[in-house]
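First comes the structure, then the notes that go with it.
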Amino acid sequence: MINPLIVEIFDDIALLLELQDDNPFRIRAYRRASLNVQALSEDLTQIAERGELQSIPGIGVDLANKIKEYIATGKVKFYEELRKKTPAFLLEMLDIPGVGPKTAKAIFEKLKPKNLKELEAMGRAGKIRKLPGMKEKTEQNILEGILLLQKHRGRTLLGKALPLARELVSQLSGFKGVNGISYAGSTRRMCETIRDIDILIASAASAPIMDAFVRRKDVWKVLAHGHTKSSVVMKEGLQVDLRVVDKDCFGAALLYFTGSKAHNIQLRSLAKKRGYKINEYGLFSVKSNKRIAGRTEEEMYKALGLSYIPPELREDQGEIDAAAHGKLPRLVEKKDIKGDFHMHSKWSDGANEIEEMVASAKKRGLKHVVLTDHSQSLKIANGLSPKRLLQQIEIVRKLNKKLSGITLLAGSEVDILSDGSLDFEDDLLKKLDFVVASVHSGFKQSKEQITRRIVKAMQNKYVRLIGHPTGRLLGERNAYEVDFDAVFKAARETNTALEINSYPQRLDLNYTYARRAHEMGVMLAIDTDSHTHDQFDNLEYGVATARRAWCAKENILNCLDLPELKKRIAKQKS
DNA sequence: GCCGTTTTCGGCCCGACTGTTTTCAGTCG
């Protein structure tokens, strides 16, 4: 997959051009192209082979040629030359919050620091304040920016950011004069990782709210503190931006601060074409400067002739066009999920007894769950031997008779071994109600090997589902190399579902692959892979991923009632 | 550098906060 490399090159080119004070629209073009490449689920190499690079929005003749050049030579000459011209540390300086191209260049040209440490020493020695246009404050801010950069690197999992955002919303909503409140930004779009939390408040009296916000005990550092906008870094490292607007503008502001940036740009272009202007205060007629909409997001979309676009879809992935033609899907919701096909108990590496897991699932409204402890090869997770699995099946059957309001099914998360065979014999799998097959080893195999392995597992007539199909762990391990088209095709042909694993560090399939999979006719299943009783709460992250993948409930296997599911299973693979 | 239901040339989203300025440039989202 060369896409991440192209993304990095385009982003770097944008920064390098910025340092050269190049045409800002040219710079934006590289950024836009990078965003659109990021959103692809298919490898650029394949798109290039079909000669369709220019069908990607933001990719024209020139950028298509740069991609082709990279595929052919592993290099982009234009990029190499730009880099040669620019010292590496100058580029690195742009990572410091508050330091942009102008400041970076001014400092670099005069002081020639070689690294962050040297720059910091220069700041401490009072050398930066002597430069034209800079005083003590600028110097101070750069020093603090360096500190921030060291503390606040990387992104935070949605599973951590969302609860924090909700907590902040709940606390701030109790404030006097708050007429409306919501978190916005990538948290509201349910992106898998979050850079900072955005909170929007509707109120006529912003100053006291701002004051209280920046004085919170859990605030580490105040980055900005204005009348309507403040930014802080929390002690645990996450940045939170708070914005206060009048309640008449709440919808326009919520739309704006939810983003994505690319979605906003498309909306504004559309507005412009129709003689309107959009900002965070509303939709205005350019001619009369009269406000047309702004109280609610629904009102804003309606005024633009669009149906309401749920936040999860606002990624500039065709949603505006679909909304204009009434073709948005009716997205799956958490309440549509009837069962969970993937959970563990103390028998393998779970923390709770089977009964506790079932009770927890029932409490959350699930109607059926499949117990899928690990198989024998996964020693580290105390995988079940055939003998223990047979015992467990019996216990499951007995326990199920005692249950009401929820059905417990017998299953296994069986390992797909390195040659593609399964960790249990068919005779044993046959006794189970539902089999999940997953890769837990041999991540470094070649693309062909892993693809063959997974396809072979899907051809087993008892395997209903492939668990966490790409094996990635956010911030820890990349997805293994696999030919997705081959996997999706085989999944469709063998009637095997693919999982959207809800565990916040997995979210696997991710939303772009999940979208392509169901568009190719593959059934998906949203599972929690719970290892403790409270992890059933992760379901909402999996549902969000499915929504971001444009899934309706018809695309999701666990939206079926148990009788329907059983019918489907009986028909499947027979 | 991209793009076209006004355009193949001339546009390209919009505003808040900060610091160093006496009216604005730089940075950020």
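Contact annotation for A:Leu267: no contact, since no heavy-atom pair falls under 4.0 Å across all strands. When heavy atoms are screened at a 4.0 angstrom cut-off, A:Tyr30 is found touching the sugar-phosphate backbone but no base atom. Within 4.0 Å (heavy atoms only), A:Lys66 reaches sugar-phosphate atoms of the nucleic acid but no base atom. Across all strands, A:Asn264 comes closer than 4.0 Å to no nucleic acid atom at all (heavy-atom distances). At a threshold of 4.0 angstrom between heavy atoms, the contacts of A:Thr103 are confined to the sugar-phosphate backbone, with no base atom among them. Contacts of A:Pro57 with the nucleic acid, taken as non-hydrogen atoms under 4.0 Å apart, involve only primed sugar atoms and P, OP1 or OP2. Nucleic acid contact for A:Leu270: none, since no nucleic acid atom lies under 4.0 Å from a heavy atom of the residue. Nucleic acid contact for A:Ser231: none, since no nucleic acid atom lies under 4.0 Å from a heavy atom of the residue.
In this structure, A:Lys290 is not positioned above the aromatic face of A:Phe284 in the sense of NZ or CZ being under 6.0 Å from the six-membered ring centre and within 45° of the axis.
Checking each of A:Lys102, A:Arg26, A:Lys105 against A:Asp21 for a salt bridge (Lys or Arg N to Asp or Glu O under 4.0 Å) leaves exactly one that passes, namely A:Lys102. Applying the side-chain contact (heavy atoms from CB on, under 4.5 Å) test between A:Ser231 and each of A:Gln239, A:Lys221, A:Arg243, A:His225 identifies A:Gln239 as the sole match.
Donor-acceptor pairing under 3.5 Å is lacking for the side chains of A:Ser170 and A:Ser173. For the residue pair A:Glu297 / A:Tyr308, a side-chain donor-acceptor distance below 3.5 Å is found, with atom types taken as modelled. Between the side chains of A:Thr470 and A:Asp508, a donor-acceptor pair is found at a separation under 3.5 Å.
In the set B:dC17, B:dT18, B:dG1, B:dT18 carries the atom at the smallest distance from any side-chain atom of A:Asn141. Comparing B:dG29, B:dT27, B:dC2 by their closest approach to the side chain of A:Asp62 singles out B:dC2.
Side-chain N/O atoms of A:Lys272 include none lying less than 4.0 angstrom from OP1 or OP2 on B:dT6. Within the structure, every side-chain polar atom (N or O) of A:Lys261 is placed at least 4.0 Å from both OP1 and OP2 of B:dG29. For the OP1/OP2 pair of B:dC28 and a distance below 4.0 Å, the side-chain nitrogens and oxygens of A:Lys229 include no atom meeting the criterion. In this structure, A:Asn23 does not reach the B:dG1 phosphate: none of its side-chain N or O atoms is under 4.0 Å from OP1 or OP2. Put simply, A:Lys273 has no side-chain N or O that comes within less than 4.0 Å of OP1 or OP2 on B:dC12. A sub-4.0 Å separation between OP1 or OP2 of B:dA16 and a side-chain N or O of A:Tyr256 is absent. Contact check, A:Thr138 against B:dT20: a side-chain N or O comes under 4.0 Å of OP1 or OP2.
The closest donor-acceptor contact from the side chain of A:Glu92 to the backbone of A:Ala88 lies at 3.5 Å or more, if one exists at all.
Of the two residues near DNA chain B, A:Arg32 and A:Tyr281, the one whose nearest nucleotide lies more 5' is A:Arg32. The residue among A:Arg26 and A:Glu280 whose nearest nucleotide of DNA chain B is located toward the 5' end is A:Arg26.
When the P atom is compared between B:dG1 and B:dT5, the two are found 23 Å apart, to the nearest whole Å. On the C1' atoms, B:dT23 is 15 Å away from B:dT18, given to the nearest whole Å. B:dT20 sits 11 Å from B:dG26 when the C1' atoms are compared, rounded to a whole Å. For the C1' atoms, the distance from B:dT7 to B:dC12 is 13 Å, rounded to whole Å. Using C1' as the reference atom, B:dC9 and B:dC14 are 24 Å apart when rounded to the nearest Å. Here, B:dT21 and B:dT27 have their P atoms 15 Å apart, quoted to the whole Å.
The distance from atom CE of A:Met210 to atom P of B:dA16 is 12 Å, rounded to the nearest whole Å. The CG-P distance, from A:Leu143 to B:dG19, rounds to 14 Å in whole Å. Remark: C1' of B:dA16 and CG of A:Leu223 are 14 Å apart, rounded to the nearest angstrom. Between A:Lys102 atom NZ and B:dT20 atom C1' the separation is 17 Å, expressed in whole Å. Going from atom CZ of A:Arg268 over to atom C1' of B:dC12 covers 14 Å, rounded to whole Å. Regarding A:Asp22, its CG atom lies at a distance of 15 Å from the C1' atom of B:dC12, rounded to whole Å. As a whole-Å value, the separation of A:Phe25 CZ from B:dC2 C1' is 12 Å. Rounded to whole Å, the distance from CZ on A:Arg243 to P on B:dC28 is 17 Å.
With both pairing distances under 3.5 Å, B:dT8 is matched to nothing as a Watson-Crick or G-U wobble pair.
Within a 6.0 Å sphere centred on CZ of A:Arg83, heavy atoms belonging to other residues, nucleotides or ligands number 12 at most.
Classification of B:dT7 as syn follows from a glycosidic angle within 90° of 0.
Evaluation of atom-type donor-acceptor distances gives no pair under 3.5 Å for the side chain of A:Asp198 against the base of B:dG29.
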